[in-house]
Amino acid sequence: MNVDLLSHPAEEVAPKLLGCVLTCKTPEGTVSIAITETEAYSGTADPASHAYRGRTARNATMFGPAGHLYVYRSHGLHWCANVVTGTDGIASGVLIRAGRVIEGEDLARKRRGAKVDSPRLARGPGNVGQALGITAEHNGADLLAGTSVMLSEGEPVPAALIRVGPRVGVSKAHDWQHRFYLAGDPTVSAYRLSPRAKPSAGA
DNA sequence: GTTAAGATCCACT
DNA sequence: GTGGATCTTAACC
């Protein structure tokens with residue numbers, strides 16, 4: 001993966017990450033997924049972004065240079081992974097919402113549970129983290145160096161298959177057209193709006 | 001120091 | 001379709 005490709009605002013990078021491969025190496029083994037769904041969180045102007053209220057200890061990674069991994073804990077249970085994009089000093093990141101396991105499926109299924117269907121192994125942000133084995137240890141990891149977590153280019157995705165839609169699961173600005181996914185892909189989550197989501201103008 | 005809310009997922013009805 | 005689990009962060013007193 002070229003760092004130049006990531007040095008742009010999240011909403012520009014997010015659709016380009018579709019089809020790219022995210023690989024995580026652990027002592028247990030290696031798991032790779034082809035990204036099928038992303039969501040952009042750009043800058044301190046985005047009310048749904050962790051960076052909205054400025055830089056804090058948690059989101060410091062998002063303010064750093066592009067090409068790193070920002071990992072956070074959601075609802076005290078799940079690990080979610082973001083690719084940091086944009087310029088050093090500007091908070092910008094792309095949440096990996098879903099992917100298709102292309103390497104290490106056995107290990108991914110072992111982590112997720114034996115009864116999980118293949119398309120479900122990495123469907124949903126929390127499940128992506130679990131399938132890949134991502135934890136807080138990977139926060140700030142260099143995706144380009146590829147020591148533990150690596151982002152690489154996958155097979156090109158036909159532009160016609162890329163869809164844009166409202167964001168899911170956030171209680172603010174959920175109708176921003178910042179969610180990108182592959183049309184018809186079974187691994188794409190079809191989640192409901194956040195229970196706290198309030199209707200906003202134009203939604 | 002205390003409290004409220006959160007970029008979610010699973011089991012149960 | 002609905003509700004609960006579970007804990008960290010950040011805002012407020």
Side-chain angles (χ1 to χ4, degrees), chain A residues 9-11 13-15 17-18 22 33 35-64 68-86 90-101 108-140 149 163-181 186-200 203:
Chain A
E11 64 270 26
V13 178
L17 288 182
L18 294 175
L22 189 61
I33 64 168
I35 299 169
T36 58
E37 186 180 1
T38 63
E39 207 162 82
Y41 290 88
S42 51
T44 48
D46 184 347
S49 170
H50 287 168
Y52 183 49
R53 296 179 192 81
R55 183 171 188 151
T56 65
R58 173 175 60 156
N59 61 30
T61 305
M62 264 185 24
F63 285 81
H68 290 246
L69 194 71
Y70 166 46
V71 180
Y72 71 93
R73 178 111 84 169
S74 174
H75 291 63
L77 301 171
H78 311 287
W79 295 109
C80 299
N82 299 247
V83 176
V84 178
T85 71
I90 306 290
S92 185
V94 177
L95 171 69
I96 307 302
R97 285 195 61 87
R100 177 169 41 85
V101 177
R109 180 168 282 113
K110 179 180 159 192
R111 287 174 176 146
R112 296 271 295 112
K115 294 181 180 178
V116 179
D117 297 332
S118 294
R120 289 186 165 195
L121 285 174
R123 186 175 76 165
N127 292 333
V128 168
Q130 189 178 8
L132 287 173
I134 287 175
T135 69
E137 297 177 12
H138 298 101
N139 187 33
V149 197
R163 293 285 187 277
V164 186
R167 295 190 292 196
V168 178
V170 299
S171 58
K172 297 171 184 173
H174 60 86
D175 50 348
W176 285 28
Q177 303 289 300
H178 276 187
R179 175 174 170 250
F180 302 88
Y181 58 96
T187 62
V188 172
S189 52
Y191 287 154
R192 56 187 176 277
L193 289 174
S194 164
R196 301 176 192 278
K198 300 168 190 165
S200 60

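Quick note: numbers below take in every heavy atom, side chains included, and nothing from hydrogens, waters or symmetry partners. Each chain gets a letter, A, B and so on, in the order the sequences are listed, and its residues count up from 1.
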Taking atom P of dA7(B) as reference, at what distance in whole Å does atom CD of Q177(A) sit? 19 Å

Quick one: which of dA10(C), dT8(C), dA7(B) gets closest to the side chain of R73(A)? dT8(C)

Out of dT6(C), dC10(B), dA11(C), which has the shortest distance to the side chain of L77(A)? dT6(C)

Nearest-Å distance, OH (Y52(A)) to C1' (dA5(B))? 16 Å

Tell me the interatomic distance from N127(A), atom CG, to dA7(B), atom P, rounded to whole angstroms. 17 Å

OP1 or OP2 of dA10(C) under 4.0 Å from side-chain N/O of T56(A): yes

Ignoring backbone atoms, test whether R97(A) places a side-chain nitrogen or oxygen under 4.0 Å from the OP1 or OP2 oxygen of dA7(B). no

Pair L132(A), V149(A) - check side chain to side chain contact (heavy atoms under 4.5 Å, CB included), show working. CA-CA 9 Å; L132(A) 287 173; V149(A) 197; over 6 Å; no

Atom-pair distance (NE2 on H78(A); P on dA5(C)), nearest Å: 13 Å

Under 3.5 Å: donor-acceptor pair, side chain of R112(A), backbone of Q130(A): no

Integer-rounded Å distance: dT9(C) P and N139(A) CG: 11 Å

Check whether any side-chain heavy atom of R179(A) lies under 4.5 Å from a side-chain heavy atom of V170(A), and answer yes or no. no

Looking across every strand, which nucleic acid part, if any, lies under 4.0 Å from R120(A) by heavy atom: base, sugar-phosphate, or nothing? nothing

Could you tell me the separation between the NE2 atom of H50(A) and the P atom of dA5(B), rounded to a whole number of Å? 16 Å

ring centroid sep under 5.5 Å plus plane angle under 30, H75(A) with dG6(B): yes

Phosphate oxygens OP1/OP2 of dG6(B): is one of them under 4.0 Å from a side-chain N or O of S171(A)? yes

Nearest-nucleotide pick for R58(A), side chain only, options being dA10(C), dC9(B), dA11(C): dA10(C)

Strand partner of dC7(C), provided both Watson-Crick or wobble distances fall under 3.5 Å: dG6(B)

If you check the P125(A) side chain, which of dC9(B), dA11(C), dC7(C) turns out closest? dC9(B)

Determine whether the side chains of R123(A) and T36(A) contain a donor N or O and an acceptor N or O closer than 3.5 Å. no

Donor-acceptor contact below 3.5 Å, side chain N59(A) vs main chain H50(A): yes

In whole angstrom, what separates D117(A)'s CG from dC9(B)'s P? 16 Å

Any idea which of dA10(C), dT8(C), dA7(B) is nearest the Y72(A) side chain? dA7(B)

Let me know the distance between CZ of R112(A) and C1' of dT8(B), rounded to the nearest Å. 12 Å

